[in-house]
Amino acid sequence: MLRRSLPRRPEARRILLGTLLSAIGRGLTLPFLFIYLTDVRGLSDPRAGLVIGWYGAVTLALSPLGGTLIDRFGARRVVLPSLLIEAIGTGSLALVDSTASAFGVATVIAIGSSAIWSGQNTILASLTADDERQRVYGLNFALLNLGIGVGGLTSGAIVDVARPVTFQAIYLLDALSYLTPAVILLTLPHVGHRLAAGAAGAKTGGGGYLTVLRDRPFRRLVIFGLVLTTCGYAQIEVGFTAYAVRVVEVTPRVVAWALAGNTLMIVLSQLLVIRRMEGRSRTGGLAVVGAVFATAWLTLGAAGVIGTGNALVAALGVVACAAIFGFGETMLSPVMPALTNALATDELRGRYNAMSSMIFGISGVIGPVTAGPLIGAADGKVWVAVVVGGCLAASLIALSLRPLLTAIQDGRPAATAHRTPEPTPA
C-alpha cells in the first residue's frame with residue numbers, strides 16, 4: 001500500500017521526505033509552548049495565551065498575501081524564504097525572556113508559517129497527476145503525524161521544567177528541522193516555479209480572490225470546511241480537553257493517551273483508507289467524515305454521562321473519542337486538498353490553497369472562544385449537542401456539493417463521466 005501511495009515523480013517523493021523530517025522537529029515542541037512560556041520563562045497564563053493567540057491571528061491575516069505571492073512569483077520563491085524565517089523564529093524561542101520578546105518571536109514565526117502550508121500543497125499539486133493526487137495528500141498527512149508522534153515521544157523523554165536548557169535544545173532542533181525541506185527544495189532547481197508563466201496575469205491579475213470566491217463549488221467547499229473544522233478540529237485543543245478533564249473528570253495523563261491514540265490511528269489506518277477511497281465520490285467521503293466526527297463527540301458525551309461512576313469506562317470513552325476522530329481525519333486529509341486542487345486553475349492555485357488553509361485559521365479562532373462557555377452550560381451537554389449538530393450539518397453541505405461537480409472533480413471513475421459519448425463533428 002505504501003508503494004502504491006508513493007507519487008510517480010522522484011521530486012515529489014523527496015518533498016514528502018522533507019515533510020517527514022520537518023514534522024519530527026515540529027513534534028519536539030508542539031505540546032510544550034504554553035508550558036515553556038509559563039513554567040520556564042515566567043509568563044502568566046493570560047499573557048502566554050495572548051502570545052499564542054497573536055501567532056494565530058497574524059498567520060491568518062497574512063495567509064491571503066501568501067497565496068497571491070505564490071501565484072505571482074511561484075511557490076519556490078515564497079516557500080524557501082518562509083522556511084528560513086520559520087527556522088529563525090523557532091530557534092529564537094530559546095532566547096525568549098519576556099512578554100515583549102515572546103510577542104516579537106511569535107510574529108516572526110507567524111510570518112514564516114503563513115505561506116508554507118499552501119506553498120507546499122501547491123508544489124505537490126504541480127508534481128502529481130489528478131489520478132494520484134488524493135493518495136499523495138493522504139500519505140503526506142500520515143507522514144506529518146508520524147513525524148509529530150516520533151518528535152513528541154522524543155521530547156517527552158528530554159524536557160525538564162527544572163532545566164531550561166532542555167527546552168532550548170528542542171527549539172533549536174526544531175529550527176534545524178525546518179531547514180531540511182528547504183535544502184531538499186534547493187536540490188530541485190526545476191520545482192516550484194510559477195505554474196502559469198505563459199498566461200501573464202490574464203486571470204491572476206484580473207480577479208484574484210474575487211475570482212476564487214465566484215467559484216460556486218469551491219465556495220460551497222469552503223462553507224463545508226468552516227462548519228466541519230469549527231465543530232471538529234478546532235475543538236480538540238480546548239473543547240475536547242476541557243470536557244474530558246472537567247466533565248468526564250479524567251486526569252491529564254488520560255488526555256495524553258487519547259491524543260497518542262489519535263496519532264496511532266492515523267498512522268496505522270491512513271494507507272488503508274487511501275486505498276479504499278480510490279475511485280469513490282469525494283463529496284460522499286466528506287459527508288462520512290462529518291458523521292464520523294459526530295460519532296466521536298457522541299462517544300465523548302457518553303463518557304461524560306458515565307463520569308466517575310465507572311472511571312475506567314469513562315477513560316476508555318475519552319481515548320475512543322480521539323481514536324474515532326483520527327479515523328475521520330484519515331478520510332478528510334486526502335480529499336480536501338485533492339478537491340481544492342481539482343477545482344483550482346494554475347493561474348490561481350496558490351490562492352485556492354491559501355483559502356483552504358485559512359479555513360483552519362478561522363475555525364481555530366472561533367472554536368476555542370466558543371468552547372469554554374458552551375462546556376460551562378448544562379454540564380457540557382450543550383457543547384456536545386452543538387458540535388454533533390455542526391458535524392452532521394457539514395455532512396449535508398458536502399452532499400449538496402456533489403451536483404455542482406463533474407464526475408472527475410468528484411473523484412468518480414472516468415467511465416462515469418463519459419456515459420454519453422461526445423458528438424462527432426460533422
Side-chain angles (χ1 to χ4, degrees), residues 12 15 59-79 82 113-138 140-141 191-229 233 282-283 285-286 332-364 397-398 401-402 404-406 408-411:
I15 295 295
T59 302
L60 178 61
L62 293 179
S63 291
L65 176 61
T68 301
L69 294 176
I70 289 168
D71 288 331
R72 184 165 298 176
F73 301 107
R76 181 186 188 86
R77 294 184 178 181
V78 178
V79 172
S82 295
S113 64
S114 61
I116 290 178
W117 185 254
S118 56
Q120 289 178 332
N121 275 353
T122 301
I123 290 174
L124 274 180
S126 70
L127 295 174
T128 52
D130 290 340
D131 64 326
E132 63 175 339
R133 196 169 287 158
Q134 184 168 297
R135 298 195 302 269
V136 172
Y137 281 124
N140 184 62
F141 184 71
V191 170
H193 294 287
R194 185 178 174 189
L195 298 177
K203 291 186 180 179
T204 310
Y209 280 104
L210 288 177
T211 302
V212 175
L213 289 173
R214 290 192 191 105
D215 185 341
R216 188 183 175 196
F218 183 67
R219 193 166 64 239
R220 187 73 56 88
L221 181 64
V222 168
I223 295 172
F224 160 82
L226 284 172
V227 175
L228 184 74
T229 56
Y233 276 103
R282 288 169 176 165
T283 51
L286 293 178
L332 180 66
S333 60
V335 172
M336 192 77 176
L339 184 51
T340 296
N341 283 280
L343 295 171
T345 61
D346 283 345
E347 295 86 355
L348 297 172
R349 196 171 297 279
R351 290 178 172 90
Y352 272 86
N353 282 294
M355 282 206 67
S356 185
S357 68
M358 286 172 61
I359 292 172
F360 293 89
I362 296 171
S363 63
I397 296 172
L401 173 61
R402 181 169 180 170
L404 305 180
L405 303 176
T406 65
I408 298 298
Q409 291 171 335
D410 196 33

Might you point out which heavy atoms bring Val79 and Gly119 nearest each other, and give the distance in Å? CG2-CA, 3.6 Å
Which atom of Pro337 lies closest to which atom of Asn121, heavy atoms considered: CB-ND2, 4.4 Å
Going by the rule salt bridge (Lys or Arg N to Asp or Glu O under 4.0 Å), which residues pair with Arg349 if we only count those two or more places apart in sequence or in a different chain? Asp346
Verify side chain to side chain contact (heavy atoms under 4.5 Å, CB included) between Thr211 and Arg214, making sure each step is shown before the conclusion. CA-CA 5 Å; Thr211 302; Arg214 290 192 191 105; 4.0 Å; yes
Can you see which heavy atom on Tyr209 is nearest to which on Ala354, and at what distance? OH-CB, 3.6 Å
Output every pair passing side-chain hydrogen bond (donor to acceptor under 3.5 Å, both in side chains) with a member in residues 215-229, not counting sequence neighbours, ordered by first then second residue. Asp215-Tyr352, Arg220-Ser400, Thr229-Ser363
Distance, nearest 0.5 Å, that separates CG of Leu348 from OG1 of Thr345: 4.0 Å
Under 3.5 Å, is there a donor-acceptor pair between the side chain of Arg133 and the main chain of Ala338? no
Ala129: partners by side chain to side chain contact (heavy atoms under 4.5 Å, CB included), with sequence neighbours left out: Arg8, Asp131, Glu132
Give the minimum heavy-atom separation between Leu332 and Phe224, together with the two atoms involved. CD1-CE2, 4.3 Å
Leu65 side, atom CG; Arg72 side, atom CZ - distance, nearest 0.5 Å: 9.5 Å
Test: salt bridge (charged side-chain N to carboxylate O under 4.0 Å, His left out). Region: residues 352-363. Which pairs qualify, not counting sequence neighbours? none
For Ser357 and Ser118 the tightest heavy-atom approach is OG-CB, 4.4 Å
Tell me, please, which residues at least two apart from Ile116 pass side chain to side chain contact (heavy atoms under 4.5 Å, CB included). Ser82, Leu83, Glu86, Gln120
The side chain to side chain contact (heavy atoms under 4.5 Å, CB included) partners of Leu405 (sequence neighbours excluded) come to Pro217, Thr283, Leu339, Leu343, Leu401, Gln409, Asp410
Results of salt bridge (Lys or Arg N to Asp or Glu O under 4.0 Å) for Arg76 - residues two or more places apart only: none
Residues that Thr122 engages under side-chain hydrogen bond (donor to acceptor under 3.5 Å, both in side chains), provided they are two or more places apart: Asn353
Verify, without hydrogens or angle tests, whether Tyr233 (side chain) and Phe360 (backbone) share a donor-acceptor contact under 3.5 angstrom. no
Residue pairs, two or more places apart or on separate chains, that pass ring pair (Phe, Tyr, Trp, His ring centres under 6.0 Å) and touch residues 332-351: none
The criterion is salt bridge (Lys or Arg N to Asp or Glu O under 4.0 Å); which residues satisfy it with Arg135, sequence neighbours excluded? Glu278
Distance col, row Leu221:CG vs Met355:CE, nearest 0.5 angstrom, shows 10.0 Å
Which residues pass the side-chain hydrogen bond (donor to acceptor under 3.5 Å, both in side chains) test with Ser333, not counting sequence neighbours? Gln270
Shortest non-hydrogen contact between Met336 and Ser356, atoms and distance: CG-OG, 4.4 Å
pair Asp71-Glu347: side-chain heavy atoms closer than 4.5 Å: no
Taken in chain and number order and not counting sequence neighbours, the residues that satisfy side chain to side chain contact (heavy atoms under 4.5 Å, CB included) with Thr59 are Tyr55, Ser63, Ala110, Ser113, Ser114
